[in-house]
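Below is one structure, written out as structure tokens; comments come after it.
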Amino acid sequence: MSKLSLALKVAVGLLMVDSIIELSFVSSMVAWLHQRASQGFTFNFDGSVHLLAGEPLNLMVDQGHASNGAAGTAFVLIGVGGIVALFLRNWSHSKQDGLGVFARSFYYFWVGVNVPGFLLTTGALAYVFAVTNAHEGQTIDAALAVGLDGSRYPSDTWTPQNWFSAILQLDLVDARDDIHSHLSVMRGWQYNLIPMFLVQLGVTVLSLLEFFSWRKATSTVGIAEK
């Protein structure tokens, strides 16, 4: 096994691990939003305890979908698909029948799909950070929240990270530690896109370099056999 092939296989493995972490973070956030945050949070204001809906009326979730899609594509198409493609390529060596052609065609497809897969991750990274940073620093109007009597907060649009950061600025009765913990998870899947982007860049570059190296080697063998 060449160093290039070994590096590619290691990079694919790292990408699968990182994409699983990303999927786990996003899934954890979604589960918490539905199971705990949907119950709302109580806070003190003007000498009384009031209920704040756990999610605002205008909660933006597209960035979570983008991250989930990029991570799922990286794991299934690039990771699992890469293991299968490299196995089939090696298995099809010197096979010229229909199965051999199919195996090599699948490998060609996998090499080609690395580029759009990487672009998907790049787009998700740029989109998530752009949207989150655009809403940074928003605050909840406590007086407005009191008048809502537990209804969803209607002012502004929010990302999960910015909404729960704003909730922590209120005088909460309880759940502060729980919110802190899950806010860390939300920031985790946001910032985990950076190493996922870097690892997938490595996989994409290595897959192309290894492909050209393999083509050169197989062409040389084919000429020698004639």
Side-chain angles (χ1 to χ4, degrees), residues 18-75 119-200:
D18 195 66
S19 59
I20 281 292
I21 293 173
E22 184 72 10
L23 290 168
S24 299
F25 280 168
V26 174
S27 297
S28 176
M29 179 195 72
V30 171
W32 184 74
L33 287 175
H34 289 299
Q35 295 172 11
R36 172 61 186 93
S38 60
Q39 300 173 20
F41 304 97
T42 52
F43 67 100
N44 296 304
F45 182 76
D46 200 21
S48 301
V49 176
H50 306 275
L51 177 65
L52 174 70
E55 297 179 25
L57 186 62
N58 303 305
L59 181 65
M60 305 177 67
V61 296
D62 286 346
Q63 60 277 35
H65 294 157
S67 299
N68 209 43
T73 300
F75 182 81
L119 293 177
L120 176 60
T121 298
T122 303
L125 172 66
Y127 176 67
V128 168
F129 274 87
V131 171
T132 303
N133 291 338
H135 294 270
E136 194 70 34
Q138 292 179 183
T139 58
I140 296 172
D141 184 340
L144 173 59
V146 167
L148 295 172
D149 194 26
S151 297
R152 292 190 175 189
Y153 190 80
S155 181
D156 299 320
T157 55
W158 303 80
T159 66
Q161 294 92 326
N162 298 331
W163 170 249
F164 290 102
S165 293
I167 289 180
L168 289 173
Q169 297 177 36
L170 299 175
D171 183 11
L172 294 172
V173 173
D174 55 18
R176 182 173 295 275
D177 289 342
D178 191 27
I179 296 173
H180 261 301
S181 174
H182 285 87
L183 181 57
S184 296
V185 171
M186 296 172 199
R187 288 172 175 157
W189 64 253
Q190 177 185 346
Y191 284 93
N192 186 61
L193 286 169
I194 297 174
M196 195 169 85
F197 163 81
L198 294 174
V199 173
Q200 195 162 354

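Model, not experiment: these values are computed from the prediction.
In this structure, CG on Asp177 lies 9.5 Å from CG on Leu168, to the nearest 0.5 angstrom. Atom CG of Leu125 is separated from atom OH of Tyr191 by 11.0 Å, given to the nearest 0.5 angstrom.
Identified under the side chain to side chain donor-acceptor pair (under 3.5 Å) test for residues 20-31, with sequence neighbours left out: Glu22-Asn192. A side chain to side chain donor-acceptor pair (under 3.5 Å) check over residues 137-151, counting only residues at least two apart or in different chains, returns the pairs His135-Gln138.
The aromatic rings of Trp163 and Tyr153 lie tilted to each other, with the angle between the two planes from 30° to 60°.
Under 3.5 Å, the side chains of Thr132 and Arg187 contain no donor-acceptor pair of N or O atoms.
Counting heavy atoms from C-beta outward, Pro160 and His182 have side chains that stay 4.5 Å or more apart. Counting heavy atoms from C-beta outward, Leu193 and Val128 have side chains that approach closer than 4.5 Å. Within the 4.5 Å cutoff, the side chain of Phe43 has no heavy atoms near those of the Ile167 side chain. Within the 4.5 Å cutoff, the side chain of Gln161 has heavy atoms near those of the Trp189 side chain. Contact of the Ile140 side chain with the Pro56 side chain is not registered, since no non-hydrogen atoms from C-beta on lie closer than 4.5 Å. Between Leu23 and Asn68 the shortest side-chain heavy-atom distance falls below 4.5 Å. For the pair Asp62 and Tyr127, the minimum side-chain heavy-atom distance is below 4.5 Å.
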Practice prompt. Show the numbers, then the answer: is there a side-chain contact (heavy atoms from CB on, under 4.5 Å) between Leu33 and Val61?
Written response: CA-CA 11 Å; Leu33 287 175; Val61 296; 5.8 Å; no
Worksheet item: Given the rule in the side-chain contact (heavy atoms from CB on, under 4.5 Å) test, do Ile20 and Phe75 qualify, once you have shown the distances and angles that lead to the verdict?
Response: CA-CA 7 Å; Ile20 281 292; Phe75 182 81; 3.5 Å; yes
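Taking all atoms of both residues into account, the shortest heavy-atom contact from Asp156 to Asn58 is O-ND2, 3.2 Å. Contact between Leu57 and Arg152 at its shortest, heavy atoms only, is N-CB, 3.7 Å. Closest heavy-atom contact between Arg176 and Leu170: NH2-O, 2.7 Å. Of all the heavy atoms in Trp32 and Asp178, the pair that sits closest is NE1-OD2, 3.1 Å. The two residues Ala124 and Ala66 have their closest heavy-atom pair at CB-O, 3.7 Å. Residue Ala37 comes nearest to Phe164 through the heavy atom pair CB-CZ, 4.0 Å, listed as atom of the first residue, atom of the second, then distance.
Annotation: side-chain hydrogen bond (donor to acceptor under 3.5 Å, both in side chains) contacts of Ser67 (sequence neighbours excluded): none.
Between the Asn162 side chain and the Gly137 main chain, no donor and acceptor come within less than 3.5 Å of each other.
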